[in-house]
Structures are given as C-alpha cells and as structure tokens.
Amino acid sequence: MTQTAIAHETLSRATENQNAWIEIDLAAAAANVRALKATLGSVDLIAVVKANAYGAGAAILAPALEQAGADRFAVVWPHEGYMLRQAGVTRPILVLGHAFPADAIPAVRSGLTLTCNSLELGESLSRAATAAGVTVPVHLKVDTGLHRFGLDIDRAVTLATQLRELPNLAVEGLTTHMANADEADDSFAAEQHAVFLEAARRLPWIPYRHTANSATALRREELRYSGARIGLALHGELPANSPGPGLTPVLSLRARLARVSELAPGEGVSYGLTWRAERPSRIALVPVGYADGWRRGLGNHGTVLIRGRRCPMVGRMCMDQFLVDVTDVPAAAEGDIATLIGTDGPDRITATEVAGLADTISWDVLASLQARIPRLYHRDGAVEAIAPSMW
Ligand SMILES: *Cc1c(COP(=O)(O)O)cnc(C)c1O
C-alpha cells in the first residue's frame, strides 16, 4: 500500500474535498494499549493485526501499537508477518495460521515465529535457521475442541518431542483457541482448558502459553497465561458479553453528501424503488456503497449521523452510493459530513451497532472496509499519514 506522510495538515482540511474517508485515531489506539496492559498486568499484550489490522491498515497502526507498548504481534499468514517487518515492526511476530515448508527461509529471514504443525515444517525451519546461524522459535497449537487449526493432544506431544531434538529450533510456545469466547454461555472454555492443562502437563518444558482472544482475556483471567492475543479490543470495540477496561473507538467512517434532492409524496428512490416518500421529503446521497464493504443489507435499515442527528437510510444500497432521508434535518446540504461509524455531536454509531443491523459481527464490519476509502491516521486531529495516498 502506498502511503503519504503528511505534516502540518488537519483532518478537516485534508478531507475538504474527499467523497469518503476513514479516520484512524492513533491516540485512541495508544490509549487502548495502555488500558489493556493495565488490565493484563504482567501478561503480554499480543496485538493481533491480521487482515490488515481489521481494515485499519497494519502498516501504520502496528508501529503505533508497538510504540504504545504492545509486547508482541500476531498475524495469520506468513506473508502478513513479512509486511509487518517491512513496516518497521521489531517485536516478535507470531504467525497463527498455516505455513508451508517452503515458507521457512523467508520466515527466518523476516524473523517470524511460525506455528509449526508438521515435522516437515520443523525440519525446514531448522535447516533455514542453521544456515542463517540463528535459533528460531516455534509455537505449537493444540486443538482443544474448536476443531479448526492445530493438532490433537497426542500428536502435539509427539511433534513437540521431535521438534525439541532439531538443531537451531526452540519450541517456545504452546497455544490453543476458544470456541465460545463471546457467547453468553462460555462454559465450554473450562472443558477446553482441561485439555490444554493436560497438554501443558505433558509438555512442561514449553515456556510460553497463550489461549485468549479479546473476549477470553477480558472474561477469564485464568486463561490469560503468558500472553493474550488481542485484536478487536485494540480498536475500542468490545466483543459481546465482555467487560470493557474503558476503551476508545479508533475508527470512524465518514463521507460528504454528494447531492440533496426534493421528493414529492409517492416518489421512490434507488433500485427497485423500494422506499417511497410519504410526505414532501429531502433525500441526501452518500457516496459509499457495498463495494466499499458497507453492507448491502443496511439499505432501508441503517442510520447515519448528519449534523449530530440520526438520519435513516432509505432505498437499496448501491455499489458506490446510498440515500438517506434528511427531511428532519432542514439545514442538511451538499458537502455536509455524514458519519457512518463514529461520533458526531452527542451521538455515536459503533461497528457493533452496524453489525447488528447488517446481521453480522463487528469484526466483519471493520475487516470488510475496502482499500478505495483512504485511511487518515491522526492524533487529536493532526494528520500523520494517509494510506493509500490521495491525489
Ligand atoms: C483473530 C484471532 C485472535 C484475535 O481475536 P479478537 O477476538 O479480535 O481479539 C486471537 N487468536 C486467534 C487464533 C485469532 O485467529
């Protein structure tokens, strides 16, 4: 992603002539790191910045999180780890997902910690590490009941014992992942924990243990272990059923009204004319659509903030634009800012609220936001970087 460093520009000036943009509040992200670290105490904060940091842009956000005190980083693809190194991240980077033996050489070169799920991968890493004259850490994932990535307990113990014998390889971490972390009833975590404890009992020599995502870390202190893998909470959004340590939302999505038009009673809007005016109405055009990751299901369901007031979305969501009813905000005019996610005056729309209306989850709403919308990284309104660059 190309990016531009901007000096001495304010958010309001930088967005004067923008159809739509995303604001990433780096001061809020840093405050969230501090709040989470205060909750975690001596437990490492492992910042999960997979999927381009949930849409916020890992190249700028990850170094800011590191500066704010994140102890380690985690991604899912090896290539994401490489990108983090390119962005200047120096702390340990753990690859949570699958890697091929062919990934060993670039992974060693980038100083990545892979999750090792086969002897073949371990041997490749050992060879690459020996050639490079370094010792490389690996983590082992135990499948304790999610039945996603990882090894069942017997295979994990066998592989750990084999990997331990390989030169220049250090089996550093033992890990698992919870299935019901943010469900109202997360009691299955206790069953998974029992399996994990059994693995840890059989592999007492593996020093670093981690099992928790945001929800588990906030709800179950006994599952924090050496480090908590925190993704969503860094963005100031909370998983369901989780107590918050006072987090601040990081991401805002805004757009400028491209047109305000008058409708007579009976006239309809957008494809299929699924919404029709029941009174003389004023309709505003917002230049964001489902191609930007703004869910099509929000058409006729969502609201946006204009001049601090909630305005209902009307008609079907289009690929690049949608409509809102601004009849009750008489001052609304072309060029006004519409807030799709974020604060405007006394009101705020969270990704969690949007997710509820779009029949999905906040992770999905954030991670779906597409690259067409420029990200402006700021502290207290002073822009520090823009990616991808705007013209
Ligand atoms: C994505 C992910 C996390 C982070 O989850 P959040 O709910 O966003 O905190 C943690 N661990 C694993 C294995 C993941 O894939």
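Numbering of ligands and ligand atoms starts at 1, following listing order. Values below: every heavy atom of this structure, side chains too, minus hydrogens, waters and symmetry copies.
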Ligand-side contact atoms (ligand 1) for residue partner [X], heavy atom cut-off under 4.0 Å:
{"X": "Tyr54", "answer": "1 (C), 4 (C), 5 (O), 6 (P), 8 (O)"}
{"X": "Trp363", "answer": "6 (P), 7 (O), 8 (O)"}
{"X": "Leu232", "answer": "6 (P), 8 (O), 9 (O)"}

Would you mind finding which of Asn213, Thr216, Val75, Thr211 brings a heavy atom closest to atom 5 (O) of ligand 1?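 Ranked by closest heavy atom to atom 5 (O) of ligand 1, first place is Asn213.
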
Considering only protein heavy atoms, which is closest to [atom], and at what distance to one decimal place?
{"atom": "atom 12 (C) of ligand 1", "result": "His177 CE1, 3.4 Å"}
{"atom": "atom 9 (O) of ligand 1", "result": "Ser214 OG, 2.5 Å"}
{"atom": "atom 1 (C) of ligand 1", "result": "Lys50 NZ, 1.4 Å"}

Hey, does the side chain of Arg224 reach the backbone of Leu40 with a donor-acceptor pair shorter than 3.5 angstrom?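 It does not hold such a pair.
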
Sort out for me which residue in Leu340, Thr339, Val354 forms a side chain to side chain contact (heavy atoms under 4.5 Å, CB included) with Ile349.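 Among the candidates, only Val354 passes.
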
Check: residues 110-122 side-chain donor-acceptor pairs under 3.5 Å, at least two apart:
| from | atom 1 | to | atom 2 | distance (Å) |
| --- | --- | --- | --- | --- |
| Ser110 | OG | Pro106 | O | 3.4 |
| Thr115 | OG1 | Val95 | O | 2.6 |
| Ser118 | OG | Leu121 | N | 3.0 |

Relative to ligand 1, is Leu96 under 4.0 angstrom through side chain, backbone, both or neither, heavy atoms considered? side chain

How does Arg229 reach ligand 1, by side chain, by backbone, by both or by neither, if only non-hydrogen atoms under 4.0 Å count?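 Both parts.
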
Compute the shortest N/O to N/O distance between Ala233 and ligand 1 and return yes if it is under 3.5 Å, no if not.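 Among all N and O atoms of Ala233, none is under 3.5 Å from an N or O of ligand 1.
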
In plain terms, say whether [X] and [Y] are close enough for a salt bridge, that is, a side-chain N and a carboxylate O under 4.0 Å apart.
{"X": "Asp71", "Y": "Lys37", "value": "yes"}
{"X": "Arg254", "Y": "Asp344", "value": "no"}
{"X": "Glu262", "Y": "Arg282", "value": "yes"}

Using the salt bridge (charged side-chain N to carboxylate O under 4.0 Å, His left out) criterion, which residues pair with Arg256? Sequence neighbours excluded.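 Not a single residue meets the salt bridge (charged side-chain N to carboxylate O under 4.0 Å, His left out) criterion with Arg256.
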
Between Gln192 and Phe188, is there a side-chain heavy-atom distance shorter than 4.5 Å? yes

Non-hydrogen atom of Arg148 closer than 4.0 Å to ligand 1: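 Yes.
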
So for Lys141, does at least one of its heavy atoms come nearer than 4.0 angstrom to any atom of ligand 1? yes

